[in-house]
Asker: 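Quick one: the structure is below, and I'll ask about it shortly.
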Amino acid sequence: MTEMKKHIYDENNGLWYELIGDYYIPVLTLSSEEQRPIGKWGRMHRDYLKEHHPILFNDLVLSGQLWIYLADLNEQAQERLSLIIEKMKASEGITEELKAADQMAWVGAMNSIHNRAEEIILRELVYEEDVI
C-alpha cells in the first residue's frame, strides 16, 4: 500500500490540497490584505454571478480573487454614479440656485436623477447588459 502525502500542490489550477480522511480537500484562504468593502454594488453583482455565472463565481472564490473583484467593481460603480449624476445635473439645469429657490423641486429632480443614474449602473456594471 502506498503512503498518501498529507499536502499536494496542483500546478494546473494553482491550489494546495490537504488529505482529510480519504479525500484531498482544497486549502482555501482569504487574502488578509484586502480591506476595502464590497458595498451595495459588489453584493448585488456577487448575487448575479452566483445565479447567472456560477462557473466564473466559483473560479473567483477558489482563486481567492472574489473580494478584490467585487471591491473594484463597487469602487467603479460609485465613481461612475457620481459622474453620471453630475452630468445629468448640468444637462438638466439643476443648480444650487434652484435648491435655494424651490427646495421641493430640487429634491424631486435630484431623486429622479439619482434613480436614473442607479439604473444605468445596474445595467452597465452589475448585471452586465449592453446599454442601447
Side-chain angles (χ1 to χ4, degrees):
M1 200 172 196
T2 62
E3 184 174 326
M4 299 179 81
K5 294 181 182 178
K6 183 81 173 151
H7 293 91
I8 61 169
Y9 181 74
D10 185 349
E11 292 181 11
N12 293 328
N13 62 18
L15 293 176
W16 280 95
Y17 291 84
E18 181 176 352
L19 181 64
I20 299 181
D22 293 336
Y23 299 98
Y24 281 103
I25 307 294
V27 178
L28 304 177
T29 58
L30 293 176
S31 172
S32 60
E33 298 172 11
E34 185 59 54
Q35 297 296 321
R36 296 176 298 160
I38 62 171
K40 168 185 175 179
W41 307 110
R43 288 190 308 273
M44 292 170 76
H45 189 63
R46 179 192 59 204
D47 294 342
Y48 170 77
L49 288 176
K50 276 184 188 178
E51 180 77 22
H52 298 284
H53 300 285
I55 294 172
L56 174 59
F57 177 78
N58 287 334
D59 185 44
L60 288 168
V61 169
L62 291 174
S63 67
Q65 296 297 308
L66 180 65
W67 195 270
I68 296 167
Y69 172 79
L70 295 174
D72 288 344
L73 182 128
N74 187 61
E75 287 177 1
Q76 291 170 10
Q78 291 288 19
E79 290 169 8
R80 181 97 170 102
L81 181 68
S82 297
L83 178 68
I84 292 170
I85 288 174
E86 289 305 314
K87 293 215 179 233
M88 285 182 169
K89 279 174 49 178
S91 71
E92 295 177 20
I94 308 302
T95 62
E96 290 299 311
E97 290 78 23
L98 175 62
K99 184 178 181 180
D102 188 356
Q103 288 182 349
M104 291 305 290
W106 182 85
V107 168
M110 286 303 296
N111 284 342
S112 174
I113 287 171
H114 192 270
N115 290 337
R116 287 181 283 149
E118 282 191 342
E119 283 297 320
I120 292 169
I121 298 302
L122 288 172
R123 291 180 62 199
E124 284 183 354
L125 295 174
V126 176
Y127 301 128
E128 298 176 347
E129 295 177 10
D130 292 327
V131 178
I132 297 173

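Quick caveat, the model's predicted, so the values are computed rather than measured.
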Asker: Minimum heavy-atom separation for Ala77 and Ile121, please, with both atom names.
Answerer: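 Heavy atoms of Ala77 and Ile121 come nearest at CB-CG2, 3.7 Å.
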Asker: Do you know which two heavy atoms are closest between Gly21 and Leu19, and how far apart they sit?
Answerer: O-CD1, 3.6 Å
Asker: Can you find a heavy atom in the side chain of Trp41 that is under 4.5 Å from one in the side chain of Glu118?
Answerer: yes
Asker: Is any NZ, NE, NH1 or NH2 atom of the basic residue among Glu92 and Arg116 found under 4.0 Å from an Asp or Glu carboxylate oxygen of the other?
Answerer: yes
Asker: For Tyr127 and Met44, work out which heavy atoms get closest and say how close.
Answerer: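 Closest pair (atom of Tyr127, atom of Met44, distance): OH-CE, 3.7 Å.
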Asker: Looking at Glu86 and Lys89, is there a salt bridge between them, counting it only when a charged N and a carboxylate O are closer than 4.0 Å?
Answerer: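 Salt bridge flag = yes for Glu86 with Lys89.
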Asker: Can you see which heavy atom on Leu98 is nearest to which on Ala105, and at what distance?
Answerer: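 Minimum heavy-atom separation between Leu98 and Ala105: CD1-CB, 4.4 Å.
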Asker: Do side-chain atoms of His7 reach the backbone of Glu18 as a donor and acceptor pair under 3.5 angstrom?
Answerer: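 Not at all, since once roles are kept as given, no pair shorter than 3.5 Å links the two residues.
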Asker: So with a 6.0 Å cut-off around CD1 of Ile20, is the heavy-atom count from everything else above 12?
Answerer: yes
Asker: Please identify which of these residues, Ile55, Leu56, Asn58, Val61, meets the side chain to side chain contact (heavy atoms under 4.5 Å, CB included) condition with Leu49.
Answerer: Leu56
Asker: Step through it carefully: locate the ring centre of Phe57, locate the ring centre of His53, and say whether they are under 6.0 Å apart.
Answerer: no
Asker: With rounding to the nearest 0.5 Å, note down the distance linking CD1 in Ile38 to CG in Leu73.
Answerer: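 Here the interatomic distance stands at 10.0 Å.
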Asker: Counting distance only, does the side-chain N/O of Ser63 pair as donor-acceptor with the main-chain N or O of Asp59 below 3.5 Å?
Answerer: yes
Asker: Check whether any side-chain heavy atom of Leu15 lies under 4.5 Å from a side-chain heavy atom of Val27, and answer yes or no.
Answerer: no
Asker: Going by atom types alone, do Thr95 and Glu97 pair a side-chain donor with an acceptor below 3.5 Å?
Answerer: yes
Asker: Between Ile85 and Ala117, what is the shortest heavy-atom contact and its length?
Answerer: CG1-CB, 3.8 Å
